[in-house]
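Structure, as structure tokens:
Note that this is a predicted model, so its numbers are computed, not measured.
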Amino acid sequence: MPMTPSRRTVLTAGGLLAGGAAWSTTRSTASAASPSATAAASPTDGWTRTTFTYAMQKPWNLALGDRYGNSGGVHRMWVYDTDEPMSQGSSTDPRTEMRWQRQYTSGRHMWDADVYLPAGTNGATFVQILRVIHPEGTPATDFMLNAYSANGGTVRAYDRTVLKTNAYDQWFNVKLAHNASAGGVEVYFDDESVLVTEDRGPATRHFKNGVYHHGTGRAEARFRNITYWTR
């Protein structure tokens with residue numbers, strides 16, 4: 001299985017598809033649709049709620065409770081830029097993440113959760129589609145959502161397209177839908193489509209959420225109502 005490089009490198013190269021083609025994104029125009037059309041459809045219409053399991057990843061030299069808490073159905077994960085990686089000697093950035101055990105190569109899969117990003121979180125990935133087994137020379141991720149400190153908390157696709165500002169210190173729903181058979185990814189915030197893009201070609205994938213920290217200082221993310229959908 002290929003080693004995963006530092007996400008600081010991946011974020012810079014995040015716009016490359018397999019074969020070196022430019023990574024393309026299309027900001028959704030769903031908000032311009034008629035009110036009746038918008039109200040009629042939900043992103044989960046036709047999908048099936050599916051069970052999933054996960055393993056926790058955290059700095060190798062710390063107890064899980066030093067970087068993770070779960071109270072009242074809220075999963076809270078945090079990390080510091082000075083923390084160790086998840087395994088001793090690894091070159092990857094520090095993280096506290098839920099690594100979903102359900103892997104897939106085809107079909108349609110959706111990650112769904114309410115997300116809370118505390119003020120100050122800067123340069124951290126809070127959800128991603130990881131290409132755990134992928135052809136040599138192709139990217140390690142299909143997609144990442146990152147939090148930055150500008151404009152009251154900015155959410156970007158990788159370190160590029162701005163999808164949300166003033167995101168700090170409030171709950172908002174995120175849905176990340178991946179059609180692995182067709183090669184498409186669609187992002188929804190509060191059930192409104194905000195981005196349609198491509199994945200990076202054939203691979204074995206799984207979802208991850210938490211904080212994978214490529215920035216400075218302390219990063220934290222909270223999650224509730226985490227749901228897995230398939231169709």
Taking all non-hydrogen atoms of both residues into account, name the closest pair between [X] and [Y] and its distance.
| X | Y | value |
| --- | --- | --- |
| Asp45 | Arg231 | O-NH1, 3.5 Å |
| Ala119 | Asp169 | N-OD1, 3.1 Å |
| Ala177 | Tyr188 | CB-CE1, 4.3 Å |
| Ala113 | Asn173 | O-ND2, 3.3 Å |
| Ala124 | Val211 | CB-CG1, 4.3 Å |
| Asp81 | Pro94 | O-CG, 4.0 Å |

Restricting to ring pair (Phe, Tyr, Trp, His ring centres under 6.0 Å), what partner residues turn up for [X], sequence neighbours left out?
| X | value |
| --- | --- |
| Phe172 | Phe189 |
| Phe223 | none |
| His178 | Tyr104 |

Could you tell me which residues satisfy side-chain contact (heavy atoms from CB on, under 4.5 Å) with [X], sequence neighbours excluded, listed by chain and number?
| X | result |
| --- | --- |
| Lys58 | Leu64, Thr96 |
| Trp60 | Glu84, Pro85, Gln88 |
| Thr204 | Gln103, Thr105, Val132, Ile133 |
| Asn166 | none |

Show your reasoning for whether salt bridge (charged side-chain N to carboxylate O under 4.0 Å, His left out) applies to Arg95 and Glu97.
-> CA-CA 6 Å; Arg95 77 189 80 196; Glu97 291 185 297; 3.4 Å; yes
Report the distance from atom [atom1] of [X] to atom [atom2] of [Y], rounding to the nearest 0.5 Å.
| X | Y | atom1 | atom2 | result |
| --- | --- | --- | --- | --- |
| Leu130 | Lys208 | CG | NZ | 5.5 Å |
| Thr161 | Arg156 | OG1 | CZ | 8.5 Å |
| Arg205 | Ile129 | CZ | CD1 | 7.5 Å |
| Asn122 | Leu117 | CG | CG | 11.5 Å |
| Phe207 | Arg99 | CZ | CZ | 12.5 Å |
| Met144 | Phe126 | CE | CZ | 11.5 Å |

Salt bridge (charged side-chain N to carboxylate O under 4.0 Å, His left out) partners of Arg49, counting only residues at least two apart =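 Checked Arg49 against salt bridge (charged side-chain N to carboxylate O under 4.0 Å, His left out); zero matches.
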Partners meeting salt bridge (charged side-chain N to carboxylate O under 4.0 Å, His left out) with Arg108 (sequence neighbours left out) = none
Would you kindly confirm whether [X] and [Y] end up in one hydrophobic cluster when ILVMFWY residues are joined by side chain heavy atoms under 4.5 Å apart?
| X | Y | answer |
| --- | --- | --- |
| Ile226 | Phe143 | yes |
| Tyr80 | Tyr148 | no |
| Val115 | Val194 | yes |
| Leu195 | Met110 | no |
| Tyr116 | Val174 | no |

Under a 3.5 Å threshold, yes or no: a donor from one side chain and an acceptor from the other, between [X] and [Y]?
| X | Y | value |
| --- | --- | --- |
| Ser193 | Glu186 | yes |
| Tyr158 | Thr141 | yes |
| His206 | Arg102 | no |
| Tyr168 | Gln170 | no |
| Arg131 | Thr138 | yes |
| Ser90 | Thr92 | yes |
| Asp159 | Asn146 | no |
| His214 | Asp93 | yes |

Is Thr51 close to Tyr228 at the side-chain level, that is, under 4.5 Å between some pair of heavy atoms?
->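 No, too far: nothing below the 4.5 Å cut-off.
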Please set out all donor-acceptor pairs under 3.5 angstrom arising from side-chain atoms of residues 65-79, sequence neighbours excluded.
| unit_1 | atom_1 | unit_2 | atom_2 | d |
| --- | --- | --- | --- | --- |
| Asp66 | OD2 | Ala63 | N | 3.3 |
| Arg67 | NE | Asp83 | OD2 | 2.8 |
| Arg67 | NH2 | Asp83 | OD1 | 3.0 |
| Arg67 | NH2 | Asp83 | OD2 | 3.4 |
| Tyr68 | OH | His75 | ND1 | 2.7 |
| Arg76 | NE | Glu220 | OE2 | 2.8 |
| Trp78 | NE1 | Asp66 | O | 3.3 |

Which residues satisfy the side chain to side chain donor-acceptor pair (under 3.5 Å) test with Tyr54, sequence neighbours excluded?
-> none
Can you spot which of Trp111, Trp100, Trp229 makes a ring pair (Phe, Tyr, Trp, His ring centres under 6.0 Å) with Phe52?
-> Trp100
Can Lys175 and Thr44 be said to form a side chain to side chain contact (heavy atoms under 4.5 Å, CB included), step by step?
-> CA-CA 9 Å; Lys175 291 179 173 68; Thr44 58; 3.6 Å; yes
Tell me who clusters with Met86, hydrophobic residues only, linked when side chains sit under 4.5 Å apart either directly or through other members.
->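 Members alongside Met86: none; it stands by itself.
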Please check if the side chain of Asn179 supplies one atom and the backbone of Ala182 the other of a donor-acceptor pair under 3.5 Å.
-> yes
Judged by atom type as modelled, is there a donor-acceptor pair below 3.5 Å linking the side chain of Ser106 to the main-chain atoms of Ala180?
->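 Flag not set: sc Ser106 to bb Ala180 has no pair under 3.5 Å.
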Hey, is Arg222 close enough to Asp114 for a salt bridge, meaning N to O under 4.0 Å?
->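 Judged by the 4.0 Å cut-off on N to carboxylate O distance, Arg222 and Asp114 do not form a salt bridge.
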List the steps, then state whether side chain to side chain contact (heavy atoms under 4.5 Å, CB included) holds for Met56 with Met98.
-> CA-CA 5 Å; Met56 293 300 303; Met98 300 169 66; 3.6 Å; yes
Kindly indicate, with the supporting measurements, whether the criterion side chain to side chain contact (heavy atoms under 4.5 Å, CB included) is fulfilled by Val185 and Glu198.
-> CA-CA 6 Å; Val185 176; Glu198 301 171 348; over 6 Å; no
